[in-house]
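What follows is one structure encoded as structure tokens, with my remarks underneath.
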Amino acid sequence: FNMSNLINQVIDRIDDIANDNKIKIYRDIEPEVYFNGDKDKLRQLITILLDNAIKYNKEEGKIFVNLKKDQYTIKINIEDTGVGIKKNNFNKIFDRFFMEDKARSKDKGSSGLGLSIAKWIINIHGGKIKVESKEGEGSNFIIEFKDKVSN
């Protein structure tokens, strides 16, 4: 399936929610990137990461979504200008039911399952996820999949 179209569709669908929260989504989506995987699960993955980028962003915040493909890898970056993640919590954020700020997460309607589901989806597709974050400045989720389909 066309991963470029899928990511653009998810952004289009979630853009109103971002606007309601005074958050702007910027995209740099390479066209015609194809991937052999479960389209519905990958839609769920992108939705989870964008939903978190909105929930934990600042007013007037920004989200940058990037999709690039090289000869061997498909790389997705979802970066926000939000509250960031405490360094000592990096190894816990993918645990089921983990919520960094429980009071704030409850206000935002979070169950603490999103990132554990996201990581599971990445794992079943043979991918990797890396997180870069600075508390108070934002987070960048970097996903890499081996290219299983060449254009």
Side-chain angles (χ1 to χ4, degrees), residues 1-35 37-69 73-125 127-145:
F1 70 91
N2 187 322
M3 178 78 86
S4 308
N5 289 347
L6 175 77
I7 291 174
N8 278 314
Q9 290 166 2
V10 173
I11 293 170
D12 290 344
R13 198 183 76 229
I14 209 162
D15 207 32
D16 286 340
I17 297 166
N19 288 330
D20 290 347
N21 286 280
K22 297 182 174 78
I23 295 166
K24 177 79 176 131
I25 301 176
Y26 298 89
R27 17 177 147 194
D28 181 10
I29 308 295
E30 186 175 312
E32 305 301 317
V33 173
Y34 289 87
F35 184 71
D38 186 321
K39 186 176 180 179
D40 291 331
K41 284 191 178 19
L42 289 160
R43 178 182 290 111
Q44 183 181 14
L45 165 67
I46 302 302
T47 301
I48 288 167
L49 294 175
L50 284 174
D51 184 55
N52 279 355
I54 292 168
K55 279 182 189 175
Y56 300 106
N57 216 318
K58 301 172 183 170
E59 191 169 305
E60 305 295 326
K62 296 177 177 106
I63 299 170
F64 303 92
V65 181
N66 182 289
L67 171 67
K68 295 285 180 219
K69 178 186 169 295
T73 309
I74 294 170
K75 190 172 185 178
I76 304 165
N77 282 26
I78 298 179
E79 184 173 3
D80 65 61
T81 57
V83 297
I85 301 164
K86 294 175 185 160
K87 211 169 198 63
N88 61 333
N89 286 332
F90 271 35
N91 63 341
K92 300 177 201 167
I93 62 170
F94 295 106
D95 293 349
R96 289 185 308 160
F97 305 114
F98 177 78
M99 291 183 276
E100 187 167 51
D101 183 344
K102 291 180 182 18
R104 210 163 165 253
S105 297
K106 294 281 189 219
D107 291 344
K108 303 277 186 182
S110 182
S111 65
L113 287 172
L115 288 179
S116 66
I117 293 169
K119 185 165 184 176
W120 174 76
I121 293 168
I122 293 164
N123 287 344
I124 65 171
H125 286 89
K128 300 184 293 190
I129 186 165
K130 183 172 113 178
V131 181
E132 298 170 347
S133 186
K134 283 192 178 174
E135 195 173 351
E137 293 183 25
S139 301
N140 185 16
F141 288 80
I142 303 150
I143 301 139
E144 289 186 5
F145 295 109

field: Which residues share a side-chain contact (heavy atoms from CB on, under 4.5 Å) with Ile142, sequence neighbours left out
entry: Lys75, Asn77, Lys130, Glu132, Asn140

statement: side-chain contact (heavy atoms from CB on, under 4.5 Å) filter on Glu137, not counting sequence neighbours, yields Lys134

message: Could you report the tightest heavy-atom contact between Ile63 and Ala53, atom names first, then the distance?
response: CD1-CB, 3.6 Å

field: Set of salt bridge (charged side-chain N to carboxylate O under 4.0 Å, His left out) partners for Lys68, sequence neighbours left out
entry: Asp28

query: What residues, two or more places apart in sequence or in another chain, satisfy salt bridge (charged side-chain N to carboxylate O under 4.0 Å, His left out) together with Asp20?
result: none

- line: Only one of Ile48, Leu50, Asn52 passes side-chain contact (heavy atoms from CB on, under 4.5 Å) with Ile78, and that residue is Leu50

- prompt: Partners of Asp15 by side-chain contact (heavy atoms from CB on, under 4.5 Å), sequence neighbours excluded?
  reply: Ala18, Asn19, Ile25

Salt bridge (charged side-chain N to carboxylate O under 4.0 Å, His left out) partners of Lys41, counting only residues at least two apart: Asp38

- request: Would you please name every residue forming a side-chain hydrogen bond (donor to acceptor under 3.5 Å, both in side chains) with Thr47, sequence neighbours left out?
  value: Arg13

- request: Could you pull out all residues at least two apart from Asn8 that satisfy side-chain hydrogen bond (donor to acceptor under 3.5 Å, both in side chains)?
  value: Arg27

Salt bridge (charged side-chain N to carboxylate O under 4.0 Å, His left out) partners for Lys128, two or more places apart: Glu144

query: In chain order, what residues pass the side-chain contact (heavy atoms from CB on, under 4.5 Å) check against Ser4, with sequence neighbours excluded?
result: Asn2, Ile29, Val33, Leu67

Mutual orientation of the aromatic rings belonging to Phe35 and His125 [parallel < 30°, tilted 30-60°, perpendicular > 60°]: tilted

message: The criterion is ring pair (Phe, Tyr, Trp, His ring centres under 6.0 Å); which residues satisfy it with Tyr26, sequence neighbours excluded?
response: Phe64

message: Taking NZ in Lys58 as the centre, count heavy atoms belonging to other residues, nucleotides or ligands within less than 6.0 Å. Is the count above 12?
response: yes

